[in-house]
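In this chain, residues are counted from 1 in sequence order. What you see below is based on every heavy atom in this structure, not just the backbone, and it leaves out hydrogens, waters and symmetry mates.
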Amino acid sequence: MSSTTTSSTTSGSAIGTTPVFSVEGLWKVFGPKADRVPADPELAALAPAELRTRTGCTAAVRDVSFDVRKGEVFVVMGLSGSGKSTLVRCLTRLIEPTAGTIAIDGEDVRAMDRTRLRELRRHRAAMVFQHFGLLPHRTVLDNVAYGLEIQGLGKAERRARAAEVVAKVGLEGMEHRRPSQLSGGQRQRVGLARALAVDPEVLLFDEPFSALDPLIRRDMQEEVIRLHREEGRTMVFITHDLSEALKLGDRIALMRDGAVVQLGTPEEIVGSPADDYVREFVRDVPREQVMTVRTAMRAGDCGGPGHPGALAPDEVVADAIRVVARSGAAACVVEDGRCLGVVDHERLLGVVAGTEPHKEAV
């Protein structure tokens with residue numbers, strides 16, 4: 001992650017190949033006899049309006065499949081009504097899925113009994129909501145310690161752990177304030193700290209910053225970026241805001257009418273939209289802030305790692321344009337001490353314009 005609109009893959013966080021969450025063929029249908037919809041190919045293929053007319057049902061999540069890898073920030077993005085919040089609630093069965101499979105670390109979530117589900121929600125996957133849900137009569141410290149209290153930790157131990165997390169999210173010195181004495185951004189930090197305090201394997205964010213003022217929202221995004229960089233914690237982040245998705249996400253699942261229309265890195269979604277809907281969605285994105293040097297490079301050798309204009313392959317095109325403009329010559333793209341290729345002014349501007357040639361083999 002970075003402070004610009006670049007993908008979080010530039011932060012150096014290690015992302016594993018083993019999935020934490022695995023979702024396959026997931027459906028959530030609201031309405032009478034909901035389970036008949038995913039079971040009937042004809043009904044499953046109907047457009048939303050026709051499905052409602054024929055069956056009285058609404059498919060909020062339609063045949064969705066994806067993996068969330070250990071250590072990544074996986075963003076689910078879509079407009080209001082796209083199904084993204086329903087989807088994230090299905091992951092821990094806050095909403096009961098209609099069909100499909102969900103696994104966390106290989107364990108079948110849909111087969112969990114009540115005891116196992118409670119353990120999942122309290123220990124393994126913590127939710128951060130848009131509405132903070134803080135207890136007004138409790139101090140910041142005791143709000144943060146609440147999840148640990150439910151887990152049965154002693155007062156001294158949970159308060160010590162809560163104090164550590166309060167400091168981590170930038171609220172040191174405010175431990176004894178009540179929620180009414182905090183700003184919106186500070187209250188959201190308390191909500192984030194409360195989720196972090198139970199040390200979950202996965203943090204699930206359901207549009208947590210959408211009600212905040214723009215400047216506070218940006219600060220909270222930076223806080224998530226910092227925490228991810230420091231801890232490498234797996235995160236699933238729900239948002240309707242494209243710039244937020246591009247800023248935070250290692251990968252993005254873009255939803256429409258309950259279905260995922262494209263899943264990929266920010267660079268893949270901006271650079272190679274899957275259809276006209278995605279193309280329109282990303283039309284106004286400044287490509288030079290998302291696309292990387294790797295997209296623009298061509299075969300060649302310009303002097304190796306010691307070359308004054310050397311660039312990393314994951315640097316964004318905007319930075320590369322400045323380097324090439326200063327030197328007046330092509331720049332070498334270097335990774336692990338090896339020259340992968342070169343980029344010049346013409347190819348960089350081609351990426352910005354969306355007319356870059358197909359990348360040559362290097």
Side-chain angles (χ1 to χ4, degrees), residues 20-21 73 85 88-96 104-105 107 109 112-212 216-217 219-228 230-239:
V20 176
F21 270 112
V73 180
S85 290
V88 76
R89 282 167 165 78
C90 284
L91 294 180
T92 58
R93 286 175 54 198
L94 291 172
I95 291 178
E96 199 66 46
I104 181 168
D105 294 326
E107 182 179 359
V109 173
M112 290 179 176
D113 60 19
R114 288 186 180 182
T115 301
R116 199 73 180 135
L117 267 181
R118 274 198 302 271
E119 200 243 331
L120 169 67
R121 295 167 186 164
R122 290 178 181 178
H123 296 270
R124 300 168 72 183
M127 184 81 81
V128 182
F129 295 99
Q130 174 183 339
H131 302 292
F132 324 116
L134 303 183
L135 301 169
H137 60 286
R138 290 195 172 209
T139 64
V140 166
L141 193 65
D142 286 336
N143 263 287
V144 172
Y146 181 66
L148 300 172
E149 182 179 342
I150 290 175
Q151 288 182 1
L153 262 68
K155 187 173 183 179
E157 186 179 354
R158 68 176 182 255
R159 284 191 145 212
R161 170 64 182 157
E164 289 176 15
V165 182
V166 164
K168 186 176 288 185
V169 301
L171 291 177
E172 199 165 15
M174 300 184 186
E175 292 88 346
H176 302 296
R177 294 189 187 182
R178 311 264 178 193
S180 62
Q181 298 172 298
L182 303 175
S183 69
Q186 289 167 340
R187 287 197 295 273
Q188 190 55 280
R189 286 173 187 266
V190 177
L192 176 57
R194 184 175 55 191
L196 284 169
V198 298
D199 195 25
E201 184 177 0
V202 187
L203 279 172
L204 305 173
F205 294 87
D206 187 11
E207 299 209 62
F209 310 144
S210 59
L212 301 177
I216 299 174
R217 181 172 187 161
D219 286 346
M220 287 305 302
Q221 290 167 353
E222 295 296 337
E223 190 65 26
V224 169
I225 289 168
R226 183 183 66 80
L227 286 169
H228 184 254
E230 290 176 359
E231 299 189 351
R233 196 181 299 270
T234 308
M235 300 180 182
V236 178
F237 199 99
I238 308 300
T239 183

How would you list all residue pairs meeting side-chain hydrogen bond (donor to acceptor under 3.5 Å, both in side chains) that involve residues 144-155, not counting sequence neighbours? H123-Q151, R138-E149
Is there a side-chain contact between L94 and R121 in this structure, where contact means two heavy atoms from C-beta onward sitting under 4.5 Å apart? yes
Write down the atom of V236, the atom of V88, and the distance for their closest heavy-atom approach. CG1-CG2, 4.3 Å
Quick one: do L171 and Q186 satisfy side chain to side chain contact (heavy atoms under 4.5 Å, CB included)? Show the steps, please. CA-CA 7 Å; L171 291 177; Q186 289 167 340; 4.1 Å; yes
R161 side chain to A197 backbone, donor-acceptor under 3.5 Å: yes
Residues L117 and T92: closest non-hydrogen pair is CD2-O, 3.7 Å
For E175 and G173, indicate whether the former's side chain and the latter's backbone hold a donor-acceptor pair under 3.5 Å. yes
Residues in salt bridge (charged side-chain N to carboxylate O under 4.0 Å, His left out) with R158, at least two apart? none
Rounded to the nearest 0.5 Å, the CG atom of D206 sits from the CD1 atom of I238 at a distance of 6.0 Å
With a 4.5 Å heavy-atom cut-off, do I216 and Q188 have their side chains touching? no
Search all heavy atoms of V224 against all heavy atoms of F209 and return the closest pair with its distance. CG2-CZ, 3.6 Å
Interatomic distance, CG@L120 vs OG1@T115, rounded to 0.5 Å, equals 12.5 Å
Nearest heavy-atom approach of L148 to A162 is CD1-N, 4.5 Å
Note: K168-E230 ion pair, threshold 4.0 Å (strictly below): no
Between CD1 on residue I225 and CE on residue M235, distance to nearest 0.5 Å: 10.0 Å
Passes side chain to side chain contact (heavy atoms under 4.5 Å, CB included), R122 versus V198? Steps please. CA-CA 7 Å; R122 290 178 181 178; V198 298; over 6 Å; no
Do P208 and L192 have side chains that approach each other closer than 4.5 Å (heavy atoms only, starting at C-beta)? no
Crowded around E96 CD? As in, over 12 foreign heavy atoms under 6.0 Å? yes
Got a second to check how far D142's CG is from H176's NE2, nearest 0.5 Å? 9.0 Å
Please lay out, stage by stage, how D199 and R233 fare under the test salt bridge (charged side-chain N to carboxylate O under 4.0 Å, His left out). CA-CA 10 Å; D199 195 25; R233 196 181 299 270; 3.2 Å; yes
CD on Q221 to CZ on F237, rounded to 0.5 Å: 6.5 Å
Would you mind reporting whether L182 and R189 have side-chain heavy atoms less than 4.5 Å apart? no
Hey, does V190 have a side-chain heavy atom less than 4.5 Å from the side chain of V144? yes
Does any part of the side chain of I104, heavy atoms only, come nearer than 4.5 Å to the side chain of V20, both counted from C-beta? yes
Identify the two heavy atoms, one from P200 and one from A125, that lie closest to each other, and give their separation to 0.1 Å. CB-N, 4.3 Å
Within the 4.5 Å heavy-atom criterion, are M112 and E119 side-chain neighbours or not? no
pair V128-L204: side-chain heavy atoms closer than 4.5 Å: no
Could you tell me whether the side chain of Q181 and the main chain of R178 form a donor-acceptor pair under 3.5 Å? yes
If you compare all heavy atoms of V165 against all heavy atoms of A193, which two are closest, and at what distance to 0.1 Å? CG1-O, 3.3 Å
How many angstroms lie between atom CD1 of I95 and atom OG of S85, to the nearest 0.5 angstrom? 8.5 Å
Would you please test L91 and V109 for side chain to side chain contact (heavy atoms under 4.5 Å, CB included) and show each step? CA-CA 8 Å; L91 294 180; V109 173; over 6 Å; no
